[in-house]
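The figures here come from the full heavy-atom set of this structure, side chains too, leaving out hydrogens, waters and symmetry mates. Every number for a ligand or one of its atoms is a count from 1 in the order of the listing.
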Amino acid sequence: MSFEVIDLTEFTGSEVRVGVDELLKPETGKALRKLLVERGVLVLRGMNLSDEQQVHLAGNIGDVRDEGKDGVFKVTLDKRENSRAEYLKGSFLWHMDGTHDQIPVFASLLSGRKLSQDGGQTMFANSYAAYEALSEEMKRKIDGLRAVHSLQVSMSRAGVEATEENRTIWSMTPDRTHKLVWKHGNGRKSLVIGCHASHVEGTDRQEGEALIQELIEWTTQPRFVYVHEWTPGDLLIWDNTGVLHRVEPYPLDSGRMMHRTTLLGEEAFA
Ligand code: OGA
Ligand code: MN
């Protein structure tokens, strides 16, 4: 292989060491994709890629989603840069991206352009490994159960104010139900949970909420988690279909700026 791989924890996160020229070759993209699906998160330190290079790399790994400007969406709490910045407070809680779609996004590439002095660490929890390690009793209990995913619930849990304007915007994204256990085409199973998972369909509401909370706590135990301490120019890639993620809260005025390129989903929840 034309790059060096160093596993960062047992279940998730591998650092990839590679030069920029090598990184941008099509065959490197293919190899990274395979590693990404195996390891959940790839970490490339201090790459300092330009937006064009980031989008080029993304296109070698999958199909770039039309988001932001020329495939680059600015992840920042700065309202001058992103009018919906306050919704990003939802990312302070454990979540998956795109549970309001039937086919969630496959993966995202996130590069650190300006870091926060405080907070801002991005964390990932491997929900394939967490599912695998559940007791047989719990696996039987959750098999076939479906959770309701709600934007309104995730925003309320994140403390975003339910102003009339916000409620109108949120109501345009209808609730969706997905099985708690996602049986992927490749035979692997992961958990579909996060702050957006409101309750369990057909189950007492509080009991369902408690079950989801229990599964989130299980999945986000330190043994399934990789925490990324950013250094300038780092690039992270995560497989959204098999890891939950969150960012440690950072001040609204920290200036933190990340550039994200997202890859279209390829597999529906099932
Ligand atoms: C995201 C996200 C985390 C971060 O872009 O989907 O959750 O560290 N970002 O900014
Ligand atoms: Mn996210």
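- Under 4.0 Å is where a charged nitrogen must lie from a carboxylate oxygen, and between Glu67 and Arg260 at least one such pair does.
- Judged as a ring-ring contact (aromatic ring centres under 6.0 Å, His included), and not counting sequence neighbours, His100 has no contacts.
- Under a 4.0 Å N-O distance rule, the pair Glu27/Lys30 does not qualify as a salt bridge.
- Checked for salt-bridge contact, Lys34 and Glu38 meet the test: a charged N lies under 4.0 Å from a carboxylate O.
- A salt bridge is defined here as a Lys NZ or Arg NE, NH1 or NH2 lying under 4.0 Å from an Asp or Glu carboxylate O, and Arg205 with Glu209 meets this definition.
- With a 4.5 Å cut-off on side-chain heavy atoms, Asn60 and Thr28 do not count as touching.
- Contact check on Lys69 versus Glu52 returns no salt bridge, with no Lys/Arg side-chain nitrogen under 4.0 Å from an Asp/Glu carboxylate oxygen.
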For ligand 1, find each of its N or O atoms that sits under 3.5 Å from a protein N or O atom, and tabulate the pairs with distances to one decimal place.
| unit_1 | atom_1 | unit_2 | atom_2 | d |
| --- | --- | --- | --- | --- |
| ligand 1 | 5 (O) | Arg260 | NH1 | 2.9 |
| ligand 1 | 6 (O) | Asp97 | OD1 | 3.4 |
| ligand 1 | 6 (O) | Asp97 | OD2 | 3.1 |
| ligand 1 | 6 (O) | His245 | NE2 | 3.4 |
| ligand 1 | 6 (O) | Arg260 | NH1 | 2.9 |
| ligand 1 | 7 (O) | His95 | NE2 | 3.2 |
| ligand 1 | 7 (O) | His245 | NE2 | 3.1 |
| ligand 1 | 8 (O) | Thr122 | OG1 | 2.6 |
| ligand 1 | 8 (O) | Arg256 | NH2 | 2.9 |
| ligand 1 | 10 (O) | Arg256 | NH1 | 2.9 |

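- In this structure, Asp70 and Val72 have side chains that are not in contact, with every pair of non-hydrogen atoms separated by 4.5 Å or more.
- With waters neither drawn nor counted, the protein N/O/S atoms under 2.8 Å from the Mn ion (ligand 2) amount to 3.
- Screening residues 185-216 for ring-ring contact (aromatic ring centres under 6.0 Å, His included) gives His149-His196 as the qualifying pairs, with residues at least two apart or on separate chains.
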